[in-house]
There are 2 protein chains.
Amino acid sequence: MAKPSRSARRRETAGVGLTLPDALAQLSFAVHGAIMRVADVHDLSLVQVRLLGVLRDREPGMFAVAAHLNLDKSSVTGLVDRAERRGLVRRTTALEDRRTVRVALTARGRLLTRRVAKEIEGELARLVEGLSATHRRSLSRIAGHVVDVDARRRG
Amino acid sequence: MAKPSRSARRRETAGVGLTLPDALAQLSFAVHGAIMRVADVHDLSLVQVRLLGVLRDREPGMFAVAAHLNLDKSSVTGLVDRAERRGLVRRTTALEDRRTVRVALTARGRLLTRRVAKEIEGELARLVEGLSATHRRSLSRIAGHVVDVDARRRG
DNA sequence: TATTGTTATACTCTATAACTATA
DNA sequence: TATAGTTATAGAGTATAACAATA
């Protein structure tokens with residue numbers, strides 16, 4: 001049996017009488033699946049998508065990338081190596097501190113980043129297109145609140 | 001459906017600062033984080049947690065496990081190898097078809113599965129404990145609806 | 001021939017520890 | 001000494017292709 005795509009994801013039957021934890025977990029898997037569908041099309045992993053996202057508005061050093069992605073710096077070395085091999089990012093040496101290596105999107109990387117962001121937004125929009133405007137507003141507001149509380153709790 | 005105008009979108013997200021796709025993505029990361037906190041405590045990966053979940057009420061063959069997890073059967077061989085090495089699952093040969101290898105939780109695996117499930121439920125409950133009962137009900141209902149539509153769309 | 005699993009191989013992703021270069 | 005990054009190494013997780021055993 002061949003897996004048709006790069007991602008592995010769960011697809012279990014949804015229900016009506018779900019507990020809130022179950023509903024949350026399944027919603028999370030659905031969202032993850034939507035993101036991975038886009039990533040797969042461009043042969044990107046989730047981490048690579050996140051890397052592109054981090055570089056979208058910044059030109060951080062390797063250490064800062066590691067902090068953003070919550071990875072060890074040695075993991076970022078390989079991650080950037082692979083992205084560089086694909087021509088998506090470029091390493092440049094900082095003039096002010098010759099120890100730091102800045103990472104930046106190439107023109108091709110920038111193009112791909114914009115495209116992927118737009119496609120993910122589209123997939124997520126499709127995911128909620130069956131909801132009424134009222135429910136969409138509710139979901140947005142409640143989800144925002146949950147995220148907010150969680151973020152404050154963890155700094 | 002027409003693409004909403006820029007101003008309409010601003011109206012839709014007024015008061016929250018997040019678009020619905022953003023809110024969904026961030027909520028998904030928060031949920032994933034909650035699950036991973038539990039998994040980490042028990043030195044489990046997300047896939048291993050899912051494997052335990054699949055085996056909770058079943059004793060499937062390797063092929064069926066692969067289908068449940070949406071993995072290639074060769075990937076499941078290694079996955080089950082590692083779980084078996086840790087004493088969490090056991091391979092047994094089926095009597096009716098000597099090709100198939102059934103996978104079952106050991107006593108220790110069953111214990112861990114119950115504990116992990118309970119802890120994940122607890123983490124997710126904590127995630128939403130700041131919501132009013134009304135908002136919790138809304139979130140549960142709306143999330144269930146999204147998951148339901150998504151599941152039906154993908155069969 | 002078809003199905004179920006495993007093996008061989010290769011790649012991504014991740015971490016820890018040791019190393020280099022710069023500050 | 002301390003910091004930024006890479007290298008060496010190990011292991012999990014994934015896939016494809018080739019194989020063995022059974023149906």
Side-chain angles (χ1 to χ4, degrees), chain A residues 1-10 32-33 35-36 39-40 42-54 58-86 88-104, chain B residues 32-33 35-36 39-40 42-54 58-86 88-104:
Chain A
M1 181 179 107
K3 193 173 86 162
S5 70
R6 180 174 189 154
S7 68
R9 80 187 61 95
R10 114 187 307 178
H32 181 260
I35 294 172
M36 284 311 295
D40 281 340
H42 301 283
D43 197 33
L44 293 167
S45 68
L46 181 57
V47 184
Q48 284 166 335
V49 169
R50 290 176 61 205
L51 174 62
L52 296 182
V54 164
R58 276 162 292 222
E59 203 163 317
M62 299 293 280
F63 188 85
V65 172
H68 271 292
L69 298 179
N70 199 24
L71 292 173
D72 188 87
K73 57 198 167 92
S74 68
S75 303
V76 175
T77 295
L79 195 66
V80 170
D81 281 350
R82 291 184 288 274
E84 203 171 26
R85 228 180 288 139
R86 292 179 57 173
L88 301 177
V89 308
R90 177 184 354 107
R91 277 175 166 98
T92 59
T93 42
L95 301 175
E96 68 282 11
D97 182 340
R98 281 175 16 238
R99 289 174 302 183
T100 82
V101 173
R102 298 215 172 284
V103 191
Chain B
H32 181 262
I35 294 173
M36 283 312 295
D40 280 342
H42 301 283
D43 197 33
L44 292 168
S45 68
L46 181 57
V47 184
Q48 283 167 335
V49 168
R50 291 176 59 205
L51 173 63
L52 296 182
V54 164
R58 278 163 288 222
E59 203 161 319
M62 299 293 280
F63 188 85
V65 172
H68 271 291
L69 299 179
N70 197 24
L71 293 174
D72 188 87
K73 58 198 166 89
S74 68
S75 303
V76 175
T77 295
L79 195 66
V80 169
D81 281 351
R82 291 183 289 273
E84 202 171 26
R85 229 178 289 139
R86 291 180 57 174
L88 301 177
V89 308
R90 177 187 350 109
R91 279 174 164 97
T92 59
T93 42
L95 301 174
E96 68 281 12
D97 182 342
R98 278 170 24 231
R99 289 174 302 183
T100 82
V101 173
R102 297 215 172 285
V103 191

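Proteins get letters first, then strands, A, B, ... in listed order; numbering begins at 1 in each.
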*Going by heavy atoms in the side chains, are A/H32 and A/L46 under 4.5 Å from each other?*
yes
Take the protein atom [atom1] of [X] and the nucleotide atom [atom2] of [N], then report the distance between them rounded to whole Å.
X: B/D43; N: D/dG11; atom1: CG; atom2: P; result: 14 Å
X: A/M36; N: D/dG13; atom1: CE; atom2: P; result: 16 Å
X: B/R50; N: D/dG13; atom1: CZ; atom2: C1'; result: 12 Å
X: A/R91; N: D/dG5; atom1: CZ; atom2: C1'; result: 9 Å
X: A/D97; N: D/dA2; atom1: CG; atom2: C1'; result: 12 Å
X: B/D40; N: C/dA15; atom1: CG; atom2: C1'; result: 12 Å
X: A/L44; N: C/dC13; atom1: CG; atom2: C1'; result: 14 Å

*OP1 or OP2 of D/dG11 sitting under 4.0 Å from any side-chain N/O of B/R82?*
no
For a quick check of understanding: with a heavy-atom distance under 4.0 Å over all strands, which category does [X] fall into, base, sugar-phosphate or nothing?
X: A/R102; result: nothing
X: B/G78; result: nothing
X: A/S75; result: base
X: B/S74; result: base

Could you check which of [options] has an atom nearest any side-chain atom of [X]?
X: A/V101; options: C/dG5, D/dG5, D/dA8; answer: D/dG5
X: A/R98; options: D/dT14, D/dA4, C/dA23; answer: C/dA23
X: A/R99; options: C/dT22, D/dT14, C/dC13; answer: C/dT22
X: A/D72; options: D/dT22, C/dA15, C/dT6; answer: C/dA15

*In Å, rounded to the nearest 0.5 Å, how long is the span from CD of A/Q48 to CG of A/L79?*
6.0 Å
*Quick one: pull up CZ in A/R90 and CD in A/E59 and give me the separation to the nearest 0.5 Å.*
7.0 Å
*Give a yes or no on whether A/N70 atom CG has more than 12 heavy-atom contacts from other residues, nucleotides or ligands under 6.0 Å away.*
no
*Starting at the 5' end of DNA chain C and moving along, which residue's nearest nucleotide shows up first, A/L79 or A/E96?*
A/L79
*Toward the 5' end of DNA chain C, which comes first, A/K73 or B/D81, by nearest nucleotide?*
B/D81
*Listed in order of residue number, which residues of residues 63-71 of chain A have a non-hydrogen atom at under 4.0 Å from DNA chain D?*
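The answer is A/F63.
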_One thing to verify: whether B/D81 and B/R91 come together as a salt bridge, which I'm taking to mean a side-chain N less than 4.0 angstrom from a carboxylate O._
yes
